[in-house]
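Take a look at the structure set out below.
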Number of protein chains: 4
Amino acid sequence: MRAMTDPEPKFRRRSAERPTEIVAAALAVFADKGFAAARLDDIAKRAGVSKGALYLYYETKEELFRAVVRQAVAPNIERMRGALDAFRGPFPQFLAVFAQMIAANLGQTPIGPIVKMIIGEGRNFPELARYWHDEVIAPMLGALAAAVVRGQARGEVRSGDPRLYALQVVGPFLVATIWRETFAPVGGAPIDMEALARQHLATLTDGMLIAA
Amino acid sequence: MRAMTDPEPKFRRRSAERPTEIVAAALAVFADKGFAAARLDDIAKRAGVSKGALYLYYETKEELFRAVVRQAVAPNIERMRGALDAFRGPFPQFLAVFAQMIAANLGQTPIGPIVKMIIGEGRNFPELARYWHDEVIAPMLGALAAAVVRGQARGEVRSGDPRLYALQVVGPFLVATIWRETFAPVGGAPIDMEALARQHLATLTDGMLIAA
Amino acid sequence: MRAMTDPEPKFRRRSAERPTEIVAAALAVFADKGFAAARLDDIAKRAGVSKGALYLYYETKEELFRAVVRQAVAPNIERMRGALDAFRGPFPQFLAVFAQMIAANLGQTPIGPIVKMIIGEGRNFPELARYWHDEVIAPMLGALAAAVVRGQARGEVRSGDPRLYALQVVGPFLVATIWRETFAPVGGAPIDMEALARQHLATLTDGMLIAA
Amino acid sequence: MRAMTDPEPKFRRRSAERPTEIVAAALAVFADKGFAAARLDDIAKRAGVSKGALYLYYETKEELFRAVVRQAVAPNIERMRGALDAFRGPFPQFLAVFAQMIAANLGQTPIGPIVKMIIGEGRNFPELARYWHDEVIAPMLGALAAAVVRGQARGEVRSGDPRLYALQVVGPFLVATIWRETFAPVGGAPIDMEALARQHLATLTDGMLIAA
DNA sequence: TATGAATGAGTTTTCATTCAT
DNA sequence: TATGAATGAAAACTCATTCAT
């Protein structure tokens with residue numbers, strides 16, 4: 001046990017969480033600055049690690065960025081997708097589940113920043129954009145569209161292009177996410193996600209217009 | 001008028017359109033690479049101008065970026081906003097006008113790339129995010145919300161938060177825009193903006209569900 | 001005309017010799033330190049240029065190294081080879097011409113340092129070693145061997161492997177070159193190249209042994 | 001004596017041969033890459049040892065390099081030199097002995113790589129160049145020259161500078177060595193050392209020219 | 001007004017060396 | 001003795017900006 005006056009030890013021994021810490025720090029910095037403007041110096045500092053240490057875990061800055069974007073997917077998304085695919089109840093209930101899930105995810109995971117990064121850096125990292133499209137976005141929209149198709153078969157959902165319906169369902173949530181990332185920090189009035197979800201569901205149900 | 005045999009003067013060619021050409025070139029490069037990864041060399045080359053010449057028109061790279069983000073869309077937006085504010089017809093018609101306007105703008109102006117840039121670089125250029133919020137987004141959503149309020153007063157629109165309605169109306173168009181910028185280039189199935197607009201209007205009118 | 005008190009101008013405008021100056025500086029530093037230990041900083045300083053300027057002319061440190069090794073060949077070697085190939089006199093005279101040429105070249109060109117570099121870095125730059133082999137060494141030895149063959153045909157030269165004869169002829173000069181580069185700087189007694197050439201020719205003529 | 005079931009102790013395995021193994025590994029890597037480009041990581045891996053372990057035996061990379069250059073050849077050289085100094089037979093026989101010794105050494109010891117390293121790194125390690133000059137090269141050439149002097153005294157060797165004779169004797173072998181290290185790996189036709197030695201002896205005996 | 005070679009500060013990357021275990 | 005993750009100083013490379021022309 002080190003005496004209280006001991007200086008900080010120069011080295012911090014590897015812990016199993018080291019890579020996780022680095023990725024978390026990197027996510028924060030990349031999300032804040034974007035890929036090119038992020039400095040490894042800052043990431044290292046934030047992770048409490050030397051710059052060189054980053055290279056023990058990731059070969060280049062690009063590799064680290066890829067790791068950040070890729071790892072952010074796995075945990076929740078997978079679970080979410082599974083739940084949606086498995087759901088077999090009536091469509092209105094499906095919508096409710098979906099809305100609640102998305103709201104929870106946007107609140108508790110760094111999906112917002114990641115989405116922002118994909119949008120901002122997609123052209124420079126097309127394979128990441130593709131990865132996200134293939135692994136996250138397309139399956140998610142696919143699950144939605146499939147549910148729509150099932151709903152239409154059951155006479156619960158009006159005729160119309162299921163994929164477009166999916167986009168309509170998802171739209172306001174994306175708007176809210178981007179708002180939170182981009183305009184809220186510069187004084188944009190905050191969006192009440194719960195209220196938005198509620199009203200969105202109502203509109204999807206009945207429309208926003210009063211029949212003449 | 002220069003005699004036909006005059007040699008092309010080395011400098012001061014076409015100086016009037018210079019700034020426009022530069023901004024156009026810069027828009028293309030910034031949209032492709034993002035601010036930090038864009039190289040003035042590339043912008044200059046694309047504008048058919050020397051690197052030094054850029055500095056005759058814009059003090060720094062940041063200035064140029066600001067000019068791009070400010071100028072590129074301003075005129076169209078202004079016109080669009082004016083039309084929306086002036087419109088006094090029934091709400092359903094307002095929606096139709098709005099949808100058509102937005103579709104036209106997304107097709108004919110570089111709003112897509114600009115939006116992408118605002119999202120990607122907003123954190124590094126908060127004053128630009130603020131500018132866009134204050135000058136473009138908020139007024140636009142405000143116009144929408146105001147129309148909703150008028151519609152509610154007339155008994156055309158259901159009760160509900162007008163601002164959230166505005167987000168709902170705008171949502172699918174933003175999704176489509178981001179899709180076009182980010183996922184279409186990596187193999188995402190293209191989105192038919194017209195069809196989306198049509199179906200979106202229908203849904204806003206009647207909902208997507210069939211009353212039980 | 002600048003006044004005598006003017007500060008040094010910050011920029012030195014390009015001159016046609018800029019690349020030559022850089023290569024000369026690089027040769028000096030590479031020859032001194034070897035490729036890996038040479039610092040671009042030092043090369044730039046020696047060339048009177050900023051570090052960045054090097055990159056205007058050569059894409060990487062390796063490229064610069066290649067340029068150094070390649071350019072050192074062209075001028076004299078080519079002429080020398082031409083002369084040897086063209087020579088059609090009797091073999092003893094050929095030897096004399098060759099010896100004098102080689103002595104002159106070793107005295108007036110940076111072949112010594114270059115040879116040292118090829119030896120030291122050949123494994124890391126195999127294409128350069130190959131280039132030198134193909135363009136310089138092999139042709140030179142080939143010219144020698146060809147002369148030997150002609151000499152043998154005329155009854156001037158004893159039977160024996162012409163290529164090995166070529167190596168024997170060249171050997172002492174290489175020893176002297178390496179000596180100059182490696183051991184003379186640390187106190188090795190200098191080698192009198194003229195005397196060596198003379199005695200070498202004598203030995204090639206009569207041998208060094210007195211017939212019993 | 002450890003029982004057969006004892007687990008291999010984690011440390012202190014084979015410690016006696018460690019330094020030898022390390023030097024051997026270092027020789028291989030240094031010879032391949034040169035001093036500066038060689039990585040301790042690679043040396044450690046090749047020696048089957050951790051990077052830290054290198055520092056238990058050698059204080060720095062330079063120390064290790066010195067050890068390599070000093071140890072690798074010392075024993076053979078010493079033996080060779082002793083034999084030459086002791087030899088008292090007639091000069092032609094001396095030459096034969098010398099040639100055979102050198103051929104054997106070049107075949108069985110890493111003199112080739114070491115020589116390459118001395119040439120390549122001599123400027124960066126002048127004390128090593130000096131060491132080799134003082135301990136290996138100069139004595140060797142000295143022994144040769146001394147034999148020449150004795151031969152001249154006995155009327156076996158023509159008059160002439162004994163030191164230059166020494167260089168002439170050694171020359172082709174050095175050429176062959178460098179060839180093997182530098183040009184053979186990139187496609188240079190291999191040199192038959194035995195044949196070279198034979199022809200070289202013949203030339204030293206009678207010259208390569210046929211008396212007119 | 002226009003050029004583009006040149007600058008130099010800033011960033012990524014490497015790797016000998018250290019040290020907690 | 002032995003390990004190998006971690007450090008940090010040094011080096012290559014980039015590029016916005018300047019300035020002689």
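All chains are named by letter (A, B, ...) in the order of the sequence lines, taking the proteins before the strands, and each is independently numbered beginning at 1.
For the segment residues 27-37 of chain C, no residue has any heavy atom less than 4.0 angstrom from an atom of DNA chain F.
Nearest heavy atom pair, residue B/Val68 against residue B/Ile114, reads O-CD1, 3.9 Å. In plain terms, the two heavy atoms of C/Leu64 and C/Phe30 that are nearest each other are CG-CE1, 4.1 Å.
Rounded to a whole Å, the CG atom of B/Asp42 is 9 Å from the P atom of F/dA16. Straight-line distance from the NZ atom of A/Lys61 to the C1' atom of E/dT12: 8 Å, rounded to whole Å. One interatomic measurement links the two molecules: CG of D/Leu56 to P of E/dT17, which rounds to 14 Å at whole-angstrom precision. Protein atom CG of A/Asp41 is 13 Å distant from nucleotide atom C1' of F/dT7, rounded to whole Å. To the nearest angstrom, P of E/dC15 lies 17 Å from CG of A/Leu54. C/Arg18 places its CZ atom 8 Å from the C1' atom of E/dA6, with the value rounded to the nearest Å. When the P atom of E/dT11 is taken as reference, atom OH of A/Tyr55 falls 13 Å away, rounded to whole Å. Atom NZ of B/Lys45 and atom P of F/dA16 are 12 Å apart (whole Å).
No engagement by A/Ala44 is indicated, since no non-hydrogen atom pair under 4.0 Å with the nucleic acid exists. At a threshold of 4.0 angstrom between heavy atoms, the contacts of B/Tyr57 are confined to the sugar-phosphate backbone, with no base atom among them.
At least one donor-acceptor pair closer than 3.5 Å links the side chain of B/Lys61 to the backbone N or O of B/Phe35. Here the side chain of B/Lys116 pairs no donor or acceptor atom with the backbone of B/Glu181 at under 3.5 angstrom. Distance alone, capped at 3.5 Å, places no donor-acceptor pair between the D/Trp132 side chain and the D/Val115 backbone.
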Kindly indicate, with the supporting measurements, whether the criterion salt bridge (Lys or Arg N to Asp or Glu O under 4.0 Å) is fulfilled by D/Lys45 and D/Asp42. CA-CA 5 Å; D/Lys45 200 162 297 167; D/Asp42 291 342; 5.0 Å; no
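In terms of position along DNA chain E, the nucleotide closest to C/Ser50 lies nearer the 5' end than the nucleotide closest to the other residue of the pair C/Ser50 and D/Arg39. Nearer the 5' end of DNA chain F, as judged by each residue's closest nucleotide, is the contact made by A/Gly52, out of B/Thr60 and A/Gly52.
C/Tyr57 does not carry C/Arg18 over the face of its six-membered ring by the limits of under 6.0 Å from the centre and within 45° of the normal.
Side-chain contact check for C/Tyr58 versus C/Val23: some heavy-atom pair is nearer than 4.5 Å. Using a 4.5 Å heavy-atom cutoff, the side chains of A/Asn124 and B/Asp32 are not in contact.
Closest to the C/Leu40 side chain, of the nucleotides F/dA12, F/dT7, E/dT3, is F/dA12.
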DNA chain E base-pair string [pairs: Watson-Crick or G-U under 3.5 Å; |: paired with another strand]: .||||||||||||||||||||
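Evaluation of atom-type donor-acceptor distances gives a pair under 3.5 Å for the side chain of B/Lys51 against the base of F/dT17.
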